[in-house]
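The structure under discussion appears below in the form of structure tokens.
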There are 2 protein chains.
Amino acid sequence: MEYTVQRLSSLAGVSPRTIRYYDEVGLLRPCRINSSGYRIYGPAEVDRLQQIMFYRELGVGLKAIKEIIDAPSFDIKAALLEHRARLLAKRAQLDQLIANVEKTLAQAEGRIRMTDAEKFAGFKQKLIDDNEKQYGAEVRAKFGDEAVDRSNAALAGMTQEQYAAWQELNQKLMQTLTAAFATGDPAGKLAQEAADLHRQWLNFTWDSYSPEAHAGLPQMYVDDERFTAAYDKEQPGLAKFLRDAILIYTGQKQ
Amino acid sequence: MEYTVQRLSSLAGVSPRTIRYYDEVGLLRPCRINSSGYRIYGPAEVDRLQQIMFYRELGVGLKAIKEIIDAPSFDIKAALLEHRARLLAKRAQLDQLIANVEKTLAQAEGRIRMTDAEKFAGFKQKLIDDNEKQYGAEVRAKFGDEAVDRSNAALAGMTQEQYAAWQELNQKLMQTLTAAFATGDPAGKLAQEAADLHRQWLNFTWDSYSPEAHAGLPQMYVDDERFTAAYDKEQPGLAKFLRDAILIYTGQKQ
DNA sequence: CTTGACCTTAACGTTACGTCATGGTTTATC
DNA sequence: GATAAACCATGACGTAACGTTAAGGTCAAG
């Protein structure tokens, strides 16, 4: 299939000017010029434009994109895998922002309090991403993934010790929760211990705790598929079980 | 808590220049200037900056942001709810991009074929979002949600009839699948009917079908929490059941 | 009391296009 | 077979949201 400027632009969802600009800077040249001087683009150019769009979406500058995809070492499969990883990271950041907006709403309603730093969670993370974009690959290669993650945690305002403790707490919560789930009783001793661990875990990221806020959470856990997926991944029904345990723990039920 | 320029900038994860620029254009003025001419920002400015960051993240221009948050009718709770909705929409678009990258990878390995339009799925959607940003609210208020969704579908290259058919097919698939799940037999007649409906449903968005590609999908369904959540929301275990049914349908199993 | 890290204003540079202007080409329609 | 609408081309200037550098004042620590 061959495309003129506007056809290609509407295929990709950009403006004709963008296509011409990419020609101007040598990023995307037409495969040929027809008899009346029109730019004509072929399948190879379509694929190249797709790659450009992925990089652009991830915030890479046009000059850098050109260097990357024109490099003789450029490997499309590797590039696609990297795109996937970066897009997943971006999604994780978006999830942080969504959590932030929900917390801010809770604060606006007086249900919780937030520190100033918390008000920018998910925005600061963007800096981390940009850092990663530039140096992440090298550092990861040299010192391993853990080093990078620790560094990210530090950047996010958590010390290494805090981060380790938070990780450990999360693991403990999961263990206790699955054990409690086996008993089937959300009012039982194990389930209530899990609810308390959940409160502790929450305190790491929330800074101030109130029973009302804690009680408001679990319904969100069940309603929001992101949370259900995280908990139910271990065992289906775990999210609902945790909700019931917390409702009893906070005195909302029974 | 009071902040100087750099302290505020590092709190929010932006550059000092950005903070000064926002003062210059009247978007974020310091609450006072100290004796040596330094800009000082208080709690109200921190909250205002957070709002600015949310709007900026969603692609709103600084001038428009100023008009919105300076309007006397500005309601912070309503704004936060709108942020949440827009962020969720952005997340859905990211999911499309992730699916796109995965399909492109499958195509690079020769497992499936893609149309040129499919190669830009999730990018074109961005146009839809921008449209929504400008006119969505009004149209939604006037004609209701359904009208907007139909319009989005048309924009995405689907006719209304196609979209309706696609919706109906999806509903039918879910009904058949839950019925099949009740029998517990992925090789049974109902389960195989569900697998065939799934193939038809897929054909709406994939354009070209191959048994290999179809067989490669279900493992992804189980591995990727987005898909498991979508299916298991109805009934836990549904995703795995569908995987087994498809594996038998494509002849990969038994 | 000096050094380095902060603060100020001013002004020019940059990226990735948007937006005309001016003129030729193709396509649909009457 | 003309004519209008919708496309194509190349300039060339405009713009948003800062980055960057320069030239000078301020403050906390050793």
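Keep in mind the model is a prediction, meaning the values are calculated, not measured. Because only heavy atoms are used, hydrogens play no part in the values below, and waters and symmetry mates are left out as well, while side chains stay in.
- Every pair passing ring pair (Phe, Tyr, Trp, His ring centres under 6.0 Å) that includes a residue from residues 63-91 of chain B is listed here, sequence neighbours excluded: F54(B)-H83(B), Y55(B)-H83(B).
- Side-chain atoms of R17(A) come within donor-acceptor range of the base of dT19(C), with a qualifying N/O pair under 3.5 Å.
- For E67(B), there are no side chain to side chain donor-acceptor pair (under 3.5 Å) partners at least two apart in sequence or on another chain.
- With sequence neighbours excluded, the residues that form a side-chain contact (heavy atoms from CB on, under 4.5 Å) with T4(B) are R7(B), I40(B).
- D116(B) pairs by the side-chain contact (heavy atoms from CB on, under 4.5 Å) definition with M1(A), Y3(A), L11(A), V46(A), K119(B), not counting sequence neighbours.
- E82(A) is linked by a side chain to side chain donor-acceptor pair (under 3.5 Å) to R86(A), counting only residues two or more places apart in sequence or in another chain.
- Using a 4.0 Å cut-off on heavy atoms, the residues of residues 62-69 of chain A that approach DNA chain C are L62(A), listed by number.
- Annotation: side-chain contact (heavy atoms from CB on, under 4.5 Å) contacts of D70(B) (sequence neighbours excluded): R48(B), K66(B).
- Salt bridge E24(A)/R17(A): present, at least one basic N to carboxylate O contact under 4.0 Å.
- Applying the side-chain contact (heavy atoms from CB on, under 4.5 Å) rule to A85(B) yields no partners; only residues at least two apart in sequence or on another chain are considered.
- With hydrogens and angles disregarded, no donor-acceptor distance shorter than 3.5 Å links the side chain of E2(B) to the backbone of G42(B).
- Using a 4.0 Å cut-off, no side-chain N or O of Y21(A) falls inside it from OP1 or OP2 of dG18(C).
- A donor-acceptor pair under 3.5 Å is absent between the side-chain atoms of Q107(A) and the main chain of I112(A), judged by distance alone.
- Across the helix from dC1(C)-dG30(D) to dT29(C)-dA2(D), the helix axis at one end is tilted relative to the axis at the other end by 30° (nearest 10 degrees, each axis from five pairs).
- The side chain to side chain donor-acceptor pair (under 3.5 Å) search around S35(A) returns none, not counting sequence neighbours.
- Close approach of DNA chain D to chain B, defined as any atom under 4.0 Å from a non-hydrogen atom of the protein, starts and stops at dA17(D) to dC27(D).
- Distance R20(A) CZ to dT19(C) C1': 13 Å, rounded to the nearest Å.
- A straight line from CD of Q6(A) to C1' of dT27(C) spans 14 Å, rounded to a whole angstrom.
- Against DNA chain D, the stretch residues 25-50 of chain A makes heavy-atom approaches under 4.0 Å through G37(A), Y38(A), R39(A).
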